[in-house]
Amino acid sequence: MQNWPGLIKAYKKWLPVTEKTPVISLKEGATPLLLLESISRRIGKGVKVYAKYDGLNPTGSFKDRGMTMAISKAKEEGCEAVICASTGNTSASAAAYARRGGMKAFVLIPDGYVAQGKLAQALVYGAEVLAIRGNFDQALEIVQEASKNYPLTLVNSVNPYRLQGQKTASFEIIDCLGDAPDLLCIPMGNAGNISAYWMGFKEYYKANISKKLPKMIGFQAKNSAPLVENKIIENPETIATAIRIGNPVNKQKAIKAKIDSKGDFYTVSDDEIVQAYKILGKEEGIFCEPASAASVAGLLKIKDKVLAESTIVCVLTGNGLKDPECAINNNDALFYNDLNPNIKEIVKIMGF
Ligand code: AN7
């Protein structure tokens with residue numbers, strides 16, 4: 001859409017904003033819903049699988065949907081500084097929107113476990129980056145405490161405006177498909193996004209804009225799966241650093257979404273994530289980050305449970321460019337280097 005105004009303006013009657021709310025936007029939202037032919041073929045049974053490619057938001061992740069709302073409301077309330085803990089994407093998004101709104105951004109990250117692209121963004125967007133010797137869960141405890149005691153607005157997904165903004169992804173899916181899908185496959189970290197999607201689906205359903213509600217299928221990485229194992233994981237580990245989270249703050253909301261939608265939660269191994277990541281890249285032309293590939297990896301894993309003729313949406317939460325190290329280390333490409341600049345040698349390698 002050429003004159004897309006950003007999601008707050010596009011969906012304002014569904015959002016807690018008024019004429020007085022200063023809209024801080026980078027024209028986020030309106031991301032593509034792409035048919036995945038290769039993945040659909042792998043599932044078979046006449047199933048149609050789509051990707052909601054939210055890695056095409058302005059800072060490269062779905063966090064921008066929540067951040068335009070959280071930062072606009074913070075600005076409306078006179079806030080001068082925001083704070084968040086982050087595995088990377090929240091910090092990039094918070095920094096971009098806070099700075100655009102003329103506010104300071106303090107971001108706490110687990111030192112050594114944030115993908116390079118995300119760290120680069122937080123730095124360039126002008127955040128004050130505080131890397132701790134600890135994991136995301138510890139960082140979140142600190143920012144929750146700090147925001148209680150100091151003039152700082154917390155913009156993690158405990159901030160209700162975050163989920164309000166993020167629910168618009170469900171609206172876009174229904175606006176595009178004409179109804180809700182049968183299954184919504186989504187990676188879970190802090191489980192804010194699955195909760196937000198469920199809220200969005202319910203709102204359109206209640207307003208009779210959609211005729212059905214999807215089953216919410218959440219996926220976590222195998223050694224970072226507190227929601228599947230139903231316990232806090234003290235030392236979560238996974239290649240998908242975005243979802244390396246052991247104690248999700250939106251646990252109760254996510255469990256309710258699962259139960260109310262008759263959905264389910266599953267784990268996927270790092271190998272399964274990398275497998276899906278590669279398929280998306282080389283067969284679909286879609287470069288997402290490993291955490292995002294967890295939704296497709298999970299769907300492939302549970303394909304025998306999928307009903308014939310279903311419509312399925314997998315949420316691709318972040319852009320592949322966020323994590324170049326993962327890309328360089330996990331691909332099946334033929335890469336010849338240190339070649340002589342000689343046409344005969346070059347075409348010989350090409351097989352001519
Ligand atoms: C690409 O940036 O928690 O279940 O601090 O970056 O709503 O937490 C990121 C989470 C999925 C999980 N995919 O979403 C952070 C952070 C990507 C992510 C998730 C994240 P939630």
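For ligands, and for the atoms within them, numbers begin at 1 and follow the listed sequence.
Polar contact with ligand 1: present for Asn89 (N/O pair, distance under 3.5 Å). Considering backbone and side-chain atoms alike, Thr317 places an N or O below 3.5 Å from some N or O of ligand 1. For ligand 1, the polar-atom distance check finds no N/O of Lys118 at less than 3.5 Å from any of the ligand's N/O atoms. Between Ser91 and ligand 1, no pair of N/O atoms sits closer than 3.5 Å. When only interatomic distances are considered, the shortest N/O to N/O separation between Gln166 and ligand 1 does not fall below 3.5 Å.
When only modelled atom types and interatomic distance are considered, Thr238 and Asp270 share a side-chain donor-acceptor pair under 3.5 Å. Side-chain atoms of Asp54 and Thr31 form a donor-acceptor pair, as typed in the model, at a separation below 3.5 Å. Using modelled atom types and a 3.5 Å distance limit, the side chains of Tyr277 and Asn331 yield no donor-acceptor pair. Side-chain contact, Glu345 with Asn340: a donor N or O sits under 3.5 Å from an acceptor N or O. Checked by atom type, the side-chain pair Ser269/Glu272 shows a donor-acceptor distance below 3.5 Å. Side-chain contact annotation: Asp175 with Tyr11, donor-acceptor N/O pair under 3.5 Å present. In summary, the side chains of Asn250 and Ser195 do not present any donor paired with an acceptor at a separation below 3.5 Å, with no hydrogens or angles considered. No side-chain N or O of Lys278 forms a donor-acceptor pair with one of Gln275 less than 3.5 Å apart.
For residues 221-252, no pair satisfies ring pair (Phe, Tyr, Trp, His ring centres under 6.0 Å), with sequence neighbours left out.
No part of Ile194 comes within 4.0 Å of ligand 1, judged by heavy-atom distances. Using a 4.0 Å cut-off between heavy atoms, Ile243 contacts ligand 1 through its side chain alone, with no backbone atom that close. When heavy-atom distances to ligand 1 are checked against a 4.0 Å cut-off, Lys63 comes that close only through its side chain, counted from C-beta outward.
Short contacts between ligand 1 and Ile245, defined as distances under 4.0 Å to a heavy atom of the residue, involve ligand atoms 3 (O). Using a 4.0 Å cut-off to heavy atoms of Gly192, the atoms of ligand 1 that qualify are 4 (O), 7 (O), 21 (P). Close contacts of ligand 1 with Thr90, meaning ligand atoms under 4.0 Å from a residue heavy atom, involve 2 (O), 5 (O), 15 (C), 16 (C). In the vicinity of Phe136, heavy-atom distances shorter than 4.0 Å reach the ligand 1 atoms 5 (O). Close approach of ligand 1 to Met188 is summarised as follows: ligand atoms under 4.0 Å from at least one heavy atom of the residue are 4 (O). The ligand atoms of ligand 1 that sit less than 4.0 angstrom from a heavy atom of Glu289 are 1 (C).
The closest approach between any non-hydrogen atom of Ala191 and ligand 1 is below 4.0 Å. Using a 4.0 Å heavy-atom cutoff, Ile186 is absent from the residues neighbouring ligand 1.
Residue, atom and distance of the protein heavy atom nearest to atom 12 (C) of ligand 1 are Gly189 N, 3.5 Å. Phe62 CZ, 3.4 Å is the protein heavy atom nearest to atom 14 (O) of ligand 1. The nearest heavy-atom contact from the protein to atom 8 (O) of ligand 1 is Asn190 N, 2.7 Å. Scanning all protein heavy atoms for the shortest distance to atom 5 (O) of ligand 1 gives Thr87 N, 2.8 Å. Scanning all protein heavy atoms for the shortest distance to atom 7 (O) of ligand 1 gives Asn193 N, 2.8 Å.
For the pair Glu28 and Lys63, the salt-bridge criterion is not met [side-chain N within less than 4.0 Å of a carboxylate O].
The shortest distance between side-chain heavy atoms of Glu289 and Asn89 falls below 4.5 Å.
Here atom 18 (C) of ligand 1 lies nearest to Ala242 when heavy atoms of Ala242, Gly88, Ser86, Gly218 are compared.
Side-chain atoms of Asp264 never come within 3.5 Å of backbone atoms of Ile217 as a donor-acceptor pair (strictly under, hydrogens ignored).
Ring geometry for Phe171 versus Trp14: interplanar angle of 30 to 60°, hence tilted.
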